[in-house]
Amino acid sequence: MEGARRLQGQSIAVFNEGIGLLLFRWSALQTAVENEWGGRESRVKADQLVTDILSWFTQFKEPLYIDDLEDILDQGMLSLNVEVEDGSIEEVAEKLMVMHEEFLDGNFSSFENLRKANLEQATRPHTAQIVNDGEDDSDENGGDETMSIDRNSSSMNTEIPRSYSNNNSVNEPRPNVSGGADDGWAVVSNRRNKGRKN
């Protein structure tokens, strides 16, 4: 019975690292964390997603279905106020399932490839490009409060943030919060207004 095969011992810790490496290559997640779309705790929420996925792979006794993993990824992104509509959730879920199957067979090649890519990235300067699609356009979604990722290009970033792989936090300036609402949302000042005095 395939559902009875489980990761054991050291492979669980290595698989956990592999999940983190794979998730933080996902440009939707990486952008949400870097821009704190889920609030100041965006990094914590992303780390919790890694933990939830590891728990799902290691704790459930019944057969694992990719649809359930996609739901976990979707919920994790919604916790960061991101609605992903570009097919990347399915792509990430498939890569995680393949890596898990490889680990069960004692094959760590996909993990080694991720680790190698991370080391190569660490030697190159990190550059980020943020595209704000329709920033000056009027709101056509009727006040939808989540960011929507819907790109035609591949959603897997080839870069892995150095800050995740070695668990060092990056001291980046945080946006000014001008107020909070009862629903958990906070109003963040526009970067264009920095330096202006009213």
Side-chain angles (χ1 to χ4, degrees), residues 15-57 69-96 99 111 114-115 117-135 144-151 153-178 180-181 183-191 194:
F15 185 63
N16 185 53
E17 183 181 349
I19 293 169
L21 290 172
L22 183 60
L23 286 185
F24 283 92
R25 293 177 65 104
W26 187 12
S27 60
L29 179 64
Q30 186 180 36
T31 303
V33 169
E34 288 174 357
N35 292 295
E36 295 184 335
W37 290 345
R40 293 186 183 269
E41 300 295 318
S42 293
R43 172 64 63 183
V44 173
K45 291 177 182 179
D47 291 340
Q48 182 61 48
L49 179 58
V50 172
T51 302
D52 291 347
I53 291 170
L54 178 66
S55 177
W56 181 76
F57 274 112
L69 180 56
E70 290 170 3
D71 288 343
I72 293 169
L73 290 166
D74 188 44
Q75 290 303 312
M77 293 304 287
L78 288 173
S79 76
L80 292 165
N81 302 317
V82 178
E83 184 176 333
V84 182
E85 300 172 347
D86 64 355
S88 63
I89 285 179
E90 293 81 5
E91 182 182 349
V92 171
E94 182 178 347
K95 289 177 185 282
L96 286 167
M99 185 168 56
F111 169 75
L114 285 170
R115 188 178 257 179
N118 185 40
L119 291 173
E120 289 173 1
Q121 174 57 32
T123 62
R124 288 182 281 166
H126 178 70
T127 58
Q129 177 182 2
I130 300 190
V131 177
N132 192 351
D133 200 20
E135 179 177 74
D144 189 15
E145 295 176 338
T146 59
M147 296 299 294
S148 179
I149 305 294
D150 186 9
R151 299 184 185 141
S153 63
S154 173
S155 57
M156 293 298 288
N157 193 341
T158 58
E159 299 179 359
I160 302 170
R162 191 180 311 170
S163 62
Y164 180 77
S165 63
N166 60 17
N167 292 326
N168 290 335
S169 62
V170 178
N171 294 325
E172 295 182 18
R174 301 196 183 261
N176 294 328
V177 177
S178 59
D183 62 359
W185 290 92
V187 179
V188 180
S189 65
N190 190 335
R191 291 183 183 206
K194 282 190 175 179

Minimum heavy-atom separation for [X] and [Y], please, with both atom names.
X	Y	answer
Phe57	Leu96	CZ-O, 3.9 Å
Val33	Ala46	CG2-CB, 3.6 Å
Ser42	Gly39	OG-O, 2.6 Å
Leu78	Glu83	CD2-CA, 4.3 Å
Glu70	Ile89	O-CG2, 3.6 Å
Ala32	Val82	CB-CG2, 3.7 Å

Practice task
Decide side-chain contact (heavy atoms from CB on, under 4.5 Å) for Val50 and Phe24; before the verdict, give the C-alpha distance in whole Å, the side-chain angles of both, and the deciding distance to 0.1 Å.
Solution key: CA-CA 10 Å; Val50 172; Phe24 283 92; 4.2 Å; yes
Practice task
Count the heavy atoms of every other residue, nucleotide or ligand shown that sit under 6.0 Å from CD of Glu94, and state whether that count exceeds 12.
Solution key: no
Looking at [X] and [Y], would you say the former's side chain and the latter's main chain have a donor-acceptor pair under 3.5 Å?
X	Y	value
Lys95	Leu22	no
Thr31	Ala28	no
Ser55	Asp52	no
Asp86	Ser88	yes

How many angstroms lie between atom [atom1] of [X] and atom [atom2] of [Y], to the nearest 0.5 angstrom?
X	Y	atom1	atom2	answer
Asn35	Gln30	CG	CD	10.0 Å
Glu34	Leu29	CD	CG	9.5 Å
Leu73	Glu90	CG	CD	9.0 Å
Met77	Glu85	CE	CD	11.5 Å
Glu17	Leu54	CD	CG	12.0 Å

Problem - Chi angles and distances behind the side-chain contact (heavy atoms from CB on, under 4.5 Å) call for Asn16, Ile53 - result: CA-CA 9 Å; Asn16 185 53; Ile53 291 170; over 6 Å; no
Practice task
Show your reasoning for whether side-chain contact (heavy atoms from CB on, under 4.5 Å) applies to Val44 and Gln48.
Solution key: CA-CA 6 Å; Val44 173; Gln48 182 61 48; 5.5 Å; no
